[in-house]
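Data first, discussion second: the structure below is written as structure tokens.
From a predicted model like this one, the values you see are computed outputs, not experimental measurements.
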Amino acid sequence: MLQGDFFTTNHQEVIENTIHSQINLNVEHAIYKGHFPHQPVVPGVCMMQILAELTTTALGQKVRLKKASQAKFLIPIIPNKNPLLEVKIKFNTNEDGSLKVNASIQEGETLFFKFKGILA
């Protein structure tokens with residue numbers, strides 16, 4: 001789990017089929033010592049895990065990444081420059097109970113990450 005250590009949630013609400021979250025990155029987290037020393041960036045796998053954890057919290061059901069049909073890393077997230085992020089997760093429930101999601105991570109107008117996939 002990254003929530004509570006790698007990032008904290010400042011605000012979260014679900015409006016219809018969209019989870020809106022505002023998170024703060026822990027700029028002192030040990031992961032940045034290896035990714036990368038002297039120029040830390042948020043690892044892509046962490047961005048995908050953040051989506052799963054925020055969905056779990058918002059919906060009250062444990063989910064994990066099942067399929068990533070599209071993951072676009074548009075601009076690196078530099079925690080010292082971008083510690084406060086907005087995460088939007090649009091979801092629809094499939095017949096098997098999995099969630100089809102379309103998500104993004106951004107700060108203001110700056111879009112860092114776009115994702116389409118399945119959480120189950």
Side-chain angles (χ1 to χ4, degrees):
M1 296 283 292
L2 298 177
Q3 195 166 16
D5 185 27
F6 185 77
F7 76 95
T8 55
T9 305
N10 294 339
H11 176 76
Q12 186 173 65
E13 64 182 342
V14 181
I15 301 172
E16 295 182 13
N17 284 13
T18 305
I19 302 164
H20 299 270
S21 303
Q22 183 184 63
I23 66 169
N24 250 33
L25 298 175
N26 174 2
V27 299
E28 299 298 322
H29 196 275
I31 201 164
Y32 300 124
K33 292 177 183 160
H35 201 272
F36 297 97
H38 309 293
Q39 190 175 5
V41 297
V42 175
V45 68
C46 291
M47 291 183 223
M48 291 187 277
Q49 182 64 24
I50 287 169
L51 300 179
E53 291 184 24
L54 290 174
T55 302
T56 292
T57 302
L59 302 183
Q61 69 182 67
K62 178 87 170 136
V63 297
R64 62 177 179 78
L65 178 64
K66 182 176 181 179
K67 178 181 178 182
S69 54
Q70 181 182 72
K72 292 188 177 183
F73 304 95
L74 304 168
I75 300 171
I77 300 173
I78 301 169
N80 293 329
K81 292 182 182 178
N82 316 104
L84 184 63
L85 301 169
E86 303 157 33
V87 183
K88 186 189 312 181
I89 306 165
K90 294 181 183 182
F91 64 91
N92 290 304
T93 305
N94 294 323
E95 288 181 14
D96 65 358
S98 65
L99 301 173
K100 182 178 180 180
V101 299
N102 186 345
S104 64
I105 299 177
Q106 62 189 70
E107 178 187 53
E109 298 297 315
T110 304
L111 184 61
F112 298 105
F113 175 61
K114 290 174 30 176
F115 176 85
K116 290 182 183 179
I118 304 292
L119 300 176

* To do: Quick one: closest heavy-atom pair of Ala120 and Lys66, and the distance?
  => CB-CD, 3.8 Å
* Kindly say whether Asp96 contributes a backbone atom to a donor-acceptor pair with the side chain of Asn94 at under 3.5 angstrom? => no
* To do: Evaluate the criterion side-chain contact (heavy atoms from CB on, under 4.5 Å) for residue pair Met47 and Phe112; output intermediate values, then yes/no.
  => CA-CA 10 Å; Met47 291 183 223; Phe112 298 105; 5.5 Å; no
* Structure fact -> In short, Gly108 meets Gln106 closest at the heavy-atom pair O-NE2, 2.9 Å
* Please tell me if the side chains of Val41 and His35 come closer than 4.5 Å, counting only heavy atoms from C-beta onward. => yes
* Separation of Gln12 CD from Gln22 CD (nearest 0.5 Å) -> 11.5 Å
* With Leu25, which of Asn80, Leu84, Leu2, Ile77 fulfils side-chain contact (heavy atoms from CB on, under 4.5 Å)? -> Ile77
* **Euclidean distance, Ile19 CD1 relative to Leu99 CG, rounded to 0.5 Å** => 8.0 Å
* Asked: Should Ile75 and Ile50 be counted in the same cluster of Ile, Leu, Val, Met, Phe, Trp and Tyr side chains packed under 4.5 Å apart?
  -> yes
* Apply side-chain contact (heavy atoms from CB on, under 4.5 Å) to the pair Leu119 and Leu65, showing each step before the final yes or no. => CA-CA 5 Å; Leu119 300 176; Leu65 178 64; 4.2 Å; yes
* Asked: Taking C-beta and beyond as the side chain, do Leu85 and Phe113 meet within less than 4.5 Å on heavy atoms?
  -> no
* Nearest atoms (heavy-atom pairs only) where Leu111 meets Ile105 -> CD1-O, 3.7 Å
* With hydrophobic residues grouped by side-chain heavy-atom distances under 4.5 Å, do Phe36 and Val27 end up in a single group? -> no
* To do: List the steps, then state whether side-chain contact (heavy atoms from CB on, under 4.5 Å) holds for Ile23 with Leu54.
  => CA-CA 10 Å; Ile23 66 169; Leu54 290 174; 4.1 Å; yes
* Find the distance between NZ (Lys88) and CD1 (Ile15) and round it off to the nearest 0.5 Å. => 10.0 Å
* In sequence, state the C-alpha distance, the side-chain angles, and the governing distance for Val42 and Tyr32, and then conclude on side-chain contact (heavy atoms from CB on, under 4.5 Å). => CA-CA 8 Å; Val42 175; Tyr32 300 124; 3.5 Å; yes
* Structure fact -> On a heavy-atom basis, the closest approach of Thr8 and Gly4 is CG2-CA, 4.3 Å
* Is there a chain of hydrophobic side chains (I, L, V, M, F, W, Y, each step under 4.5 Å between heavy atoms) that links Val14 to Leu51? -> yes
* **Modelled atom types, side-chain donor and acceptor of Thr57 and Gln3, under 3.5 Å** => yes
* **Non-hydrogen side-chain atoms of Phe7 and His29 separated by less than 4.5 Å** => no
* Any side-chain heavy-atom pair of Asn26 and Glu28 under 4.5 Å -> yes
* Considering residues, nucleotides and ligands other than Glu13, do more than 12 of their heavy atoms fall under 6.0 Å from its CD? -> yes
* Are Val45 and Val63 connected in a single hydrophobic cluster, I mean Ile/Leu/Val/Met/Phe/Trp/Tyr linked by side-chain heavy atoms less than 4.5 Å apart? -> no
* Polar side-chain atom of Asn102 near backbone of Lys116 as donor-acceptor pair, under 3.5 Å -> no
* State the CD-CD distance between Glu86 and Glu107, to the nearest 0.5 angstrom. => 7.5 Å
* **Distance, nearest 0.5 Å, that separates OG1 of Thr93 from CG of Asn17** => 7.0 Å
* To do: Indicate yes or no for a side-chain donor-acceptor contact from Ser104 to the backbone of Lys114 under 3.5 Å, with no hydrogens or angles considered.
  => no
* Can you see which heavy atom on Met48 is nearest to which on Phe73, and at what distance? => CE-CZ, 4.4 Å
* Atom of Met1, atom of Glu53 and distance for their closest heavy-atom approach -> CA-OE2, 3.2 Å
